[in-house]
Every structure is written in structure tokens, then in C-alpha cells.
Amino acid sequence: MSKKRKYSSSLVDGIDQAGARSMLRPTGFSDEDFKKPQVGIASTWSNVTPCNMHINELAQTICSSVDDAGLKSVLFNTITISDGISMGTLGMRYSLVSREVIADSIETVVGCQSFDSVVAIGGCDKNMPGCMMGLIRLDRPSLFVYGGSIKPGKDHTDFATVLEKVGAYSQHQISEEELIAIEKNALPGPGSCGGMYTANTMASAIEALGMSLPGSSSQDAISQEKKNDCLAVGQAIDYLLEKDIKPSDILTKSAFENSIKVVIALGGSTNAVLHLLAMAKSANVDLNLDDFTRIGKNTPVLSDIRPSGYYLMSDLNEQGGIQPLMKMMLNDRLLDGSCMTVSGKTLEENLKDIEPYKDDQKIIAQISKPIKKESHIRILKGNLAPQGAVAKITGKEGLSFSGPAIIFESEEEAVEAIFKNTIQEGSVIVIRYEGPVGGPGMREMLKPTAAIMGAGLGDKVALITDGRFSGGSHGFVVGHITPEAANGGPIGLLQNGDLITIDAKKDQINIDISEEQLADRKKNWQSLKEPPSRGVLAKYARSVSSASEGAVTDDF
């Protein structure tokens, strides 16, 4: 048996497997194909979102590349949903759930079909960590391909622009005609949302981990570069099979630390905390919230990319993508260059011929002159979040905030209040019962944060939640508050008018009442929401772990 055919030989070799071979022949298998290593190609194609609408074309290119390398490709699909389309609706409850479904489905197909290797290609927020979790669990020679970023819309607009203009419209700052004009022109074609939102953040994180080929994370969805990325997969997979290089050989603690540092340097989404924790659990790597604090103290924010900056991923790609950034960081000893990658080379070897970013461009700052000296991702703890919370503080909105709580039991209630101008400046908006259990599903709060920015309240109010935020969110926002309200956490015990203090210097979030008062409130607490009794949301609510542990469903 060839060492490349560690799994498929049990499926197709020998006279007793004639039945399996007979079923594979109509799918395109020839006599020679049965002797080749089989490579499962997991496509997240779907026409429900521009992020993934082009992915089957890329998947077919990958199949051709794999076949040309003397291997046998087998294309299969998994699901995707759209965070952006479902944002602000009850449908968004299924977003984080889909990450688990995708991981489960890839594991299920590959485990059943005995593929020797796996390639996963994803484009939207949750299908990337979902794909990665599936690859990690299977631990076969594999890699991830990013579907690529969307081009900027007219006047440098993107999806987040549309949502913020909805907020501006609610304040009578623009007309309906102006809003619709932006809506029609902001998204010109295929690809993931164009800023350093969750999709581009996770693509960058995965490349920094070493699980995608160099350059994959920043390429435009419709480009020769992205096609070349796909064409390179066959030889890369053949090498990984030959050397038996698996995710467990790549995904070390140092690799995860490299990834966190790159996410910070790029000003990436807070969702990276949730997903990297989940991926690390799948890889049996000891990663926790305190690691983000430790790493963040010595890692600067360097990129002027949306949502907190001006530029889009497509702009960064024109300058060279994240590789020149990583070379800067490697030269400054911020990254561990010894980590193995799916190219078959170490990170340092991948970056050997890459020139670091110079001062003649405006997107990436020099390490000696950072946009922010420490991480924008802050892990806050205190009597309001004893198990931790995740804040996105760039410094533009200040480093501390104190104000009275104004409480909403759902995202919809909060958005309605913002649109009706009933939010007092200086308030801390509290949106609760939106955690993994309480949602269920931990909805993203881009709609309220965009409404806040559109209403001109970005530096005048804070927003905290046991839910989470889109990568497109900015402002003084704190999410992932744990324990969540549905589990009796302190956020569920808050009352209107309670004084809340958020301190991003001390990494604390506290409510100005005594432990005795909190204990008294806990005695009378009852959950305001009953979880669903059946279906995927019910199963998710019963099995999901805390957001501070990645909100995974296989952590027993």
C-alpha cells in the first residue's frame, strides 16, 4: 500500500470491495483512479451570498489541479449561510450554529468516504473556521483555500457602508433615494466583504497559522492571482501526502500565537477570538482568553483598514497582501518563523524573498510608528464579566467609558430605540439574552452598532452584550460577556440605571454595586427566555459551551 493511500485503499482495494468500486465508476472513476490517493474537495458554494457564489468555479480549478498532480479529486459540498443578509433578524441565530454544522459535515463525508486528503474552500465568515475545525478533527494532509475578497463598490463603498447609511437615513441625514443608490452600487460582484471584517480576518488568521498557501488570504475573488492559488493546490497536496504533513504538525501553540499577532496587526474582528479558541480546542492546543491579553500587550495595530480605518482588503492586495506585513513582523521578531506551513516550508522560508512594507504606502504603518501600540482586542474581566468579555477598542473612541445602563432584552428592541432617538448620550446600551444559549446562536450586533455610528453616537455611547459583533462593527463595544444572561450571569442581573464602567487600560468591566446586592438579585433571577424545544437550535443550546471557551459543541 502506498503511504499516500492511508485511508482510501480500505474502500476500493480487493475483490470484496467490488460493490464500492461499482458505485464509484458512474461518478467518473476509472481503473487507474482506484490506485490513486483520493482527495476530497469540500466546496462551500452557494448562491445565497456573493461571498460564495463563485466558489464552485474555483473548486473545479482545484479539482483539475489535483487530478493533474496524479491524484483523484472528489468534489462535495457543505452548507453556507450569510451573516450579512440575516443580520438583525432572527435568522442570524443560525450563523454561529452553521460553523458547527460545517465542521460536522466535512468530518462526516471525509470519514465515511475514506479520503486520503482534504482541501476545503470557503468564503463567508463561519464557513472558514467551520472548514478548519473539520480539517483539524480529521488530521489528514490538507489545506484551506480562501475564496477571496470582493472589489470595492462605487465611491469606495462596501457592505458596512450600506448599514451605516441606514443609520444616517434614520436621522434624516440622507434621503431614501440616496440610500437606495448606495445599496445598488456597494457590492459589485463575487467575494467576501471587503474590509477587515470577520471573513478577511479569518482568512488572514488561517494563512498566518500556515494552513493556506502564501498569499491566499488577500487575493481578490475574481482575479488571476486567485486562480493561480487554486492551480497550486495539486502539487501542494501531493507534497503533503508524500511527507505525511498533517494539521497536527502545523497547528502548534506558536502557530496560534503567530495568527493572533497577525490578526491584531491587521485590526481584525473580535470574532477571531471565538474562532481561534474553537480551532485550538479541535487541535488540542491549550489556548485561552488570557493568551490574547498576554500577546496583545506586545503586538501593535498597524493597518488602516475598515471598519476602524479607511482602506479595503483589495487595496492591501494591490500592495502585496499580508506577506510583506508578516515579513515586517518576522524581522522585528514578533513572529515565530520556524512554524511549518502547508507549502511544506516554514513561515520564514515562505517569506525569504518577500520585501517588507516601506513607508511609501499608507495602509500599513511601520512597527516603530504604530497606529496603536497595543492590541485593539481587549479581554475584559470584572464583576460584570467574571469569565471574560471581548472588546474592540481602537483608541479612536477613547479608552474608558462610564455611564448608566439602558437595558434591552433583544437586539430588535435596541435597534428600534436607536432609530427612534430615545438613547441618551452617555448611556451604556445593554443587549442581553443574545449569547450562545440565550439567542440561541450568539447573534452579531452589526445592525445596532451601524445604527449608532450612522446616528453620530459612536463616541457618545457604549454598547455591551452577551452576543457578539460583526467584524464590521466599531465604536465603544464589548461582547462575549460571560457567563451570559441565559445562564444567570451578572449581565442578566443588571437593572436600568446601574452604573457600568469599562476600562480598556485596566482591562476591566464592572457594575457599581456590591457583591451582596448581586447575590440578592441572583436569588430572584429567572431566565426571560425559554430555549427552543426541538431542531438544530435546541440541540445547539443544549450542547454549546461558553463563548469564553469558543462556543463549541463537542467539548464534553
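FYI, side chains are in, hydrogens and waters are out, and symmetry mates aren't considered; it's all heavy atoms of this structure.
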*Asks:* Any salt bridge between D220 and K226, counting N to O under 4.0 Å?
*Replies:*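 Between K226 and D220 there is no salt bridge, as every charged N stays at least 4.0 Å from the carboxylate O atoms.
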*Asks:* Would you check if D158 and I150 make a side-chain contact, meaning some heavy-atom pair closer than 4.5 Å?
*Replies:*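 No, their side chains stay 4.5 Å or more apart.
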*Asks:* Give the intermediate values and the outcome of side chain to side chain donor-acceptor pair (under 3.5 Å) for residues S105 and T78.
*Replies:* CA-CA 7 Å; S105 67; T78 183; 2.6 Å; yes
*Asks:* Between CZ of F115 and CD1 of I41, what distance do you get to the nearest 0.5 Å?
*Replies:*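 Here the interatomic distance stands at 9.0 Å.
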*Asks:* Does the distance from a Lys or Arg side-chain N to an Asp or Glu carboxylate O, for R378 and D507, drop under 4.0 Å?
*Replies:*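 Yes, this pair counts.
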*Asks:* Could you check whether K362 pairs with D315 (Lys NZ or Arg NE/NH1/NH2 to Asp/Glu carboxylate O, under 4.0 Å)?
*Replies:*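 No, this pair does not count.
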*Asks:* Should the pair D116-K4 be classified as a salt bridge under the 4.0 Å nitrogen-to-oxygen rule?
*Replies:*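 Salt bridge absent between D116 and K4.
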*Asks:* Output the distance between atom CG (D244) and atom CG (D249), rounded to the nearest 0.5 Å.
*Replies:*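 Separation between the atoms: 7.0 Å.
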*Asks:* Enter the distance from L347:CG to Q323:CD here, rounded to the nearest 0.5 Å.
*Replies:*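 Here the rounded value is 9.0 Å.
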*Asks:* Between the side chains of R468 and E444, is the shortest nitrogen-to-carboxylate-oxygen separation below 4.0 Å, so that they form an ion pair?
*Replies:*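 Yes, charged N to carboxylate O under 4.0 Å.
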*Asks:* Output yes when D125 and R99 qualify as a salt bridge under the 4.0 Å nitrogen-oxygen rule, no when they do not.
*Replies:*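 No, no charged N to carboxylate O under 4.0 Å.
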*Asks:* Would you call D104-R137 a salt bridge at under 4.0 Å N-O?
*Replies:*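 Salt bridge flag = yes for R137 with D104.
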*Asks:* So, are R294 and E257 salt-bridged, with charged N and O less than 4.0 Å apart?
*Replies:*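 A salt bridge is present here (some side-chain N lies under 4.0 Å from a carboxylate O).
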*Asks:* The test is salt bridge (charged side-chain N to carboxylate O under 4.0 Å, His left out); show your working for K381 and D290 and say whether it passes.
*Replies:* CA-CA 10 Å; K381 293 185 178 180; D290 292 338; 3.2 Å; yes
*Asks:* With rounding to the nearest 0.5 angstrom, report the OG to CZ distance, S470 to R443.
*Replies:*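 Here the rounded value is 14.0 Å.
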